[in-house]
Amino acid sequence: MRKPFTWLIFYLIIFACGVAQAGSALTITTQIQLNEFTGSHMEVASDGLQSIWLAGVIGAETEEPTLLTLTWMLDDSGWYPQWRLCLLSDAGLLMSGESSFQLVTTAAPINGREYYTTFSYDPEWGVLSVRVEDISGGNILYVGNIKLNPYSGALYPEVNLPDTAGELASPIQLKEMATYPYFVPIGATAQLYSRKNAAEQFSAVRAYDRRDEWALHVTLPDRPLENKLRLVHVDKSQQTDLLFIADADADTLIPIVGASIPIGTAEFVLDYVVDGEKWEIDRIPLEVGAVTVELSDLTLTTGGNGEPALAASLSVFGDADLPPFAVNANYKFSVPGAVTPLHEQWREDSGTVVIPVNGAGLTTLELPITVPLGDLAELMDENEVFVEVAVSADLAVPFNEGDIGRLILGERTPVFATVGDYIVLRGDFHGHSTASDGHLSPTDRLWETYMYGYDVFALTDHRTISGYFAGVAYADQIGLTLIRGFETGIDGKQHLIVLGTDDDYEMRDEHFWARQPNTSRVFYQDQVREIIAHGGYIIYAHPGGEWVPPGPYKHPDGIYGLTDEIRWMLDSGYLHGVESIGAFHKSRRDAPYRWAIEYDLALFDVSDVHGSRNFSRAYEAPVTLVLATENTPEEVLEALRHKRTLIWRNGQLRGMNSWLTLFIDAMLDVRLIERDGKPTLELTNFGSLHLFGSVRTKEGNGYFTVLPPMSSAYVPCDETAESIDISWGNVFDGPEHALVTTHLVR
């Protein structure tokens with residue numbers, strides 16, 4: 001039985017009523033308004049409502065509408081209830097096997113809206129056409145053709161009538177039903193195609209560039225369509241008939257001439273009209289035309305008020321006359337807020353400059369723009385400034401933005417004192433771009449990396465160095481030292497980072513070197529020797545190992561570490577460095593550190609970045625500090641070969657004792673001064689690392705001391721103090737061993 005619907009008031013117009021015999025199409029048109037509907041797609045209605053049925057057909061005048069109905073049903077089988085518009089049939093009319101319902105759309109009913117439904121069924125051909133329109137919202141919830149099983153027998157229209165408990169605003173008048181010898185043909189499709197030259201095949205498009213040829217491919221069912229087929233172009237609510245077709249074949253390719261269609265959004269509607277009644281077959285949304293905006297000549301200038309500004313040129317190209325629109329120049333400049341290994345915080349400013357564009361019959365425009373930058377002058381006095389400018393437009397057509405304009409203004413301030421004859425560089429020697437499985441293009445990755453604070457970066461995509469060649473010129477432009485590299489491995493297991501091979505190195509079976517000789521793949525020992533012969537530098541990437549206790553870490557490929565293959569590389573002198581990644585569990589982090597000490601390997605901490613770097617927590621990122629004579633690829637690789645590396649992450653500095661001692665000694669100055677009338681040791685940190693430790697004077701007195709970057713701390717002492725020892729709390733020259741340094745007092 002149907003449930004009472006006292007919450008509905010129906011305005012019902014029935015254009016078809018009576019008996020339709022098999023072989024005749026039956027059309028029902030209903031209109032309802034939801035006035036007191038208290039439910040939503042997220043919850044059951046307050047009165048327990050579970051369904052709203054709209055229209056259907058029955059096999060006898062007194063039957064319930066179970067033959068075929070169009071019904072909104074509340075599905076509460078999932079995590080939350082959801083409305084679904086479904087077809088229901090207890091008579092096997094649905095094509096979905098033994099199922100009694102078929103989903104039409106998940107569009108939900110909305111309280112207070114008025115809906116108009118057309119329900120046209122041809123039982124002989126088993127075709128149902130449904131159109132549900134939201135009159136109040138001005139949109140079509142669903143229009144489509146559904147294949148059903150044929151049906152023989154009498155049919156009666158049935159519409160959404162309340163039970164006797166419900167009351168209508170006015171009596172329902174039933175009129176004589178009319179039958180129609182037509183229907184929206186099931187299986188009819190229309191697809192827009194284009195080709196750029198006669199030699200190419202047509203390909204489906206939703207955006208149209210007028211430089212292409214294009215056509216509409218119409219497919220009709222076998223049943224002949226006896227009435228005229230129309231193709232209508234709709235633009236800004238004004239319909240323009242482009243073409244009429246009579247006697248269309250089952251498979252028709254219609255050439256289109258659209259040079260007169262303006263740039264903008266449009267629709268093509270395929271329909272046909274019989275006796276004044278329009279039947280829509282398909283509606284094809286279209287973006288007509290294309291606009292490209294290129295930003296170039298981005299330079300620092302001075303605005304009319306004397307403040308710094310960016311000058312640039314916008315080149316606007318259209319494939320037809322440009323419509324009036326606006327280009328938005330979105331700018332952002334960022335300044336590091338602290339001198340740290342990587343920028344701890346940023347000062348940023350951003351804004352938008354709107355540039356109106358009026359084509360006035362033109363297809364190409366050159367527009368000079370000026371972008372004011374406010375307090376940029378003051379910020380440039382402190383540090384380098386990163387500037388980005390991107391363009392967008394309020395166009396609903398294909399809009400090609402081009403590359404983001406980028407500038408680096410000012411100079412990068414060194415963040416460390418020199419260590420003997422060496423400068424200290426911040427490096428990341430393992431990262432990826434879209435050349436393999438990274439999320440940023442090579443140039444975007446390099447810009448991000450330099451903004452992040454790194455001085456040196458190795459782009460190490462899997463199995464390829466194409467990203468290096470795509471970005472090396474850009475790296476030179478922005479001042480980032482780029483190291484050529486790639487990631488490879490043995491039989492999909494041990495991963496290796498390879499840096500610095502020459503142009504003649506030939507990649508073979510990268511990441512899948514065979515563990516045994518004489519197979520279809522290259523033997524790993526042969527390929528490792530090939531890398532060494534071509535000047536390669538090899539790092540053991542993110543290693544695991546048999547040292548890993550159960551629980552904290554289990555590599556998806558199994559537990560491995562110092563395998564036979566890695567030991568062979570160590571014994572042969574072919575492995576030069578190892579990654580001790582601070583983000584890993586302590587056991588997995590410390591074991592490679594022990595290997596580095598035991599086998600005399602350079603130590604690396606890396607990002608292995610694939611996605612975007614986290615600028616809000618850059619100070620926690622890994623840094624491999626390199627002590628190099630110059631900031632060039634050649635000198636950086638030379639420093640790596642001499643194992644002049646230290647690693648910093650999460651406030652901990654780790655490395656080999658010799659380089660750590662030299663580094664700390666260069667960063668720390670110890671002087672004897674008088675403070676408040678008493679002899680005092682002044683300890684000054686000239687580096688950008690936060691240090692802390694216990695100071696022990698000659699007299700044996702101990703003092704816990706904290707040394708933030710670029711700051712001084714004071715320790716009481718005897719006037720005769722000549723040296724002090726410091727046991728560092730966050731500097732380690734072994735996995736479990738704090739570094740102790742001795743400093744002369746000046």
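Nothing fancy with the numbering, it's 1 onward along the sequence.
Proximity of the aromatic rings of Tyr505 and Phe486 is defined here by a centroid distance below 6.0 angstrom, and this criterion is met. Aromatic pair Phe663/Trp648: centroids not less than 6.0 angstrom apart. Not less than 6.0 angstrom separates the ring centroid of His432 from the ring centroid of His439. Aromatic ring centres of Trp568 and Tyr574: separated by under 6.0 Å.
Looking only at distances, a side-chain donor or acceptor of Thr661 sits under 3.5 Å from a matching main-chain atom of Asn657. Of the possible donor and acceptor atoms, none in the side chain of Tyr450 sits under 3.5 Å from a partner among the backbone N and O of Asp455.
For the residue pair Arg445 and Thr449, the shortest heavy atom distance occurs at O-OG1, 2.7 Å. The minimum heavy-atom distance linking Pro709 with Leu689 is given by the pair CG-C, 3.9 Å. Shown here for Leu300 and Pro308, the closest heavy-atom pair between the two residues is CD1-CB, 4.2 Å. The two residues Leu446 and Gly471 have their closest heavy-atom pair at CD1-O, 3.2 Å.
Side-chain contact, His610 with Asp437: a donor N or O sits under 3.5 Å from an acceptor N or O. Inspection of the Thr645 and Trp659 side chains reveals no N or O donor paired with an N or O acceptor under 3.5 Å. Side-chain contact check for Thr481 and Asn631: at least one donor-acceptor pair (N or O, by modelled atom type) lies under 3.5 Å. Side-chain contact, Asp297 with Ser313: no donor N or O sits under 3.5 Å from an acceptor N or O. Looking at His462 and Glu510, their side chains never bring a donor and an acceptor atom within 3.5 Å of each other. Ser580 and Arg654 form a side-chain donor-acceptor contact under 3.5 Å, judged by distance and modelled atom types alone.
For the ring-ring contact (aromatic ring centres under 6.0 Å, His included) with Phe429, the lone residue among Phe604, Phe457, Tyr454 that qualifies is Phe604.
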(request) Would you check, one step at a time, whether the test salt bridge (Lys or Arg N to Asp or Glu O under 4.0 Å) holds for Glu388 with Arg406? (result) CA-CA 5 Å; Glu388 295 181 283; Arg406 289 166 170 161; 3.3 Å; yes
(request) Under the side-chain contact (heavy atoms from CB on, under 4.5 Å) rule, what do Leu646 and Leu603 come out as? Steps first, then yes or no, please. (result) CA-CA 7 Å; Leu646 305 171; Leu603 206 55; over 6 Å; no
(message) Walk me through whether Arg347 and Ser334 qualify under side-chain hydrogen bond (donor to acceptor under 3.5 Å, both in side chains).
(response) CA-CA 6 Å; Arg347 275 181 287 176; Ser334 308; over 6 Å; no
(request) Applying ring pair (Phe, Tyr, Trp, His ring centres under 6.0 Å), run through Phe615 and Tyr452 and close with a yes or a no. (result) CA-CA 7 Å; Phe615 276 78; Tyr452 212 63; 5.1 Å; yes
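Note on Arg529 versus Asp526: salt bridge recorded, some NZ/NE/NH1/NH2 to OD/OE distance being below 4.0 Å. Between Glu638 and Arg641 there is no salt bridge, since no side-chain nitrogen of the basic residue lies less than 4.0 Å from a carboxylate oxygen of the acidic one. Between Arg484 and Asp503 there is a salt bridge, since a side-chain N of the basic residue sits under 4.0 Å from a carboxylate O of the acidic one. A salt bridge between Glu384 and Arg412 is present, with a side-chain N of the basic residue lying under 4.0 Å from a carboxylate O of the acidic one. In summary, Asp605 and Arg649 engage in a salt bridge, as defined by a charged side-chain N under 4.0 Å from a carboxylate O. Ion pairing between a basic and an acidic side chain is recognised when a charged N comes within 4.0 Å of a carboxylate O; Arg515 and Glu565 show such pairing.
Glu487 places none of its side-chain heavy atoms less than 4.5 Å from the side chain of Asp461.
Using bins of under 30°, 30° to 60° and over 60° for the plane-to-plane angle, the ring pair His576/Tyr537 lands in the parallel bin.
Taking Leu407 as the reference, Leu298, Leu310, Val387, Leu409 meet the side-chain contact (heavy atoms from CB on, under 4.5 Å) condition, with sequence neighbours excluded.
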